[in-house]
Amino acid sequence: MRVATWNVNSVRARSARIVDWLVREDVDVLGMQEIKCKPEQFPREVFEEAGYELEIHGLNQWNGVAFASRLPMSEVTVGFDEMPGFGKELEDATLPLEARALGITVEDIRLWSLYVPNGRELTHPHYTYKLAWLERLRAATAAWRASNPGAPLALMGDFNIAPRDIDVWDMAVFDGATHVSAPERAAFQAFLDDGLVDITRDRGIEGYTYWDYQQLRFPKNEGMRIDFILGTPEFDELVVDASIHRDERKGEAPSDHVPVMVELDVATSLDDDVPMIF
DNA sequence: ATGCCAAATGTAATTTGA
């Protein structure tokens, strides 16, 4: 069973390219971020014709998360407990909730597609929002694990944090910038301290997952590693392979992010090598 | 080798991204 995450930076702008990759790589479940559309605007047909069902959470042209899956999805959850909002205060004195978190269960594995707030600048309210959002996500995940002991879970997505200096091409460029600040890194580390495993890094897989469109960042390999799959030990035990699909940054109309994929040792109804019993 | 900013909105310029 193959599971992946990809910040697609508009699903409408590159639906064919996304589905081509899904088919070519034999992916069963894809968590997408930055779909940048509402459900009624989502290019459903190209996914459905390739055999994928969809769960979509999009409120406007910003953010938006979704799942495409060849396997049945259940327990679909929009957002998490006490997820902070952002923007102009509503009539009930709360802040609008953004489309940044979607949870599903596939083959008894809990999966989240997450688009962590950018933060913008260290002094910006969006930065405070980012840190609060991450802490609430951590707490909600810990609570879920406490009530579902032994259940495999993975948090997948664009964390908008480069956890280590090697996760950006030049730390000097990020002096005073978001994504590398100590509070952001502490917020990321808190998930690991809770026992989650950075699935790709733990297997020695290095490399960036994002390159800015500007200034020849990709040809010069000036990128950032900000997309992750963080799994519980029970999820980690299922992983037989993991990869960062750098080639998806090449060619015609790429996203500025590339997919991160894991292969799990989980037999599904789609496998054609299911042992026959006589 | 990769390739010199892109997408949505809306139809010009702004917001967002990181």
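Each chain gets a letter, A, B and so on, in the order the sequences are listed, and its residues count up from 1. Any value given below was found using the heavy atoms of this structure, including those in side chains, with hydrogens, waters and symmetry copies removed. Keep in mind it's a predicted model, so treat the numbers as computed, not measured.
For the pair A:E222 CD and B:dC5 P, the computed distance is 13 Å after rounding to whole Å. Between the P atom of B:dT2 and the CZ atom of A:R17 lies a distance of 12 Å, rounded to the nearest Å. We find that CZ of A:R217 is positioned 16 Å from C1' of B:dA6, with the value rounded to whole Å.
Here the separation of B:dG10 from B:dA6, taken at their P atoms, is 22 Å to the nearest Å. With both ends at atom P, the span from B:dA7 to B:dA18 equals 14 Å, rounded to whole Å. The same atom, C1', is picked in B:dT14 and in B:dG3; the two are 27 Å apart, to the nearest Å.
Partners of A:D212 under the side chain to side chain donor-acceptor pair (under 3.5 Å) rule, at least two apart in sequence or in another chain, are A:Y210. The side chain to side chain donor-acceptor pair (under 3.5 Å) test applied to A:E234 returns A:T232, not counting sequence neighbours. For A:F191, there are no ring pair (Phe, Tyr, Trp, His ring centres under 6.0 Å) partners, not counting sequence neighbours.
The stretch residues 138-155 of chain A participates, sequence neighbours left out, in these salt bridge (Lys or Arg N to Asp or Glu O under 4.0 Å) pairs: A:E135-A:R138, A:R138-A:D194.
The shortest distance between the side-chain N/O atoms of A:S10 and the OP1/OP2 oxygens of B:dA6 is not below 4.0 Å. In this model, the phosphate group of B:dA7 is approached by a side-chain N or O of A:R14 to a distance below 4.0 Å at OP1 or OP2.
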Summarise how protein sits on nucleotides 9-18 of chain B as a single string, 5' to 3': B when a protein heavy atom is under 4.0 Å from the base, S for sugar-phosphate-only contact, - for no contact.
-> S-----BSSB
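Look at A:R100 and A:D158 and you find no salt bridge, because none of the NZ, NE, NH1 or NH2 atoms lies under 4.0 Å from a carboxylate O.
When hydrophobic residues (I, L, V, M, F, W, Y) are linked wherever their side-chain heavy atoms come within less than 4.5 Å, the members clustered with A:F42 are A:W6, A:V8, A:V11, A:I18, A:V19, A:W21, A:L22, A:V23, A:V27, A:L30, A:M32, A:I35, A:V46, A:F47, A:Y52, A:L54, A:I56, A:M261.
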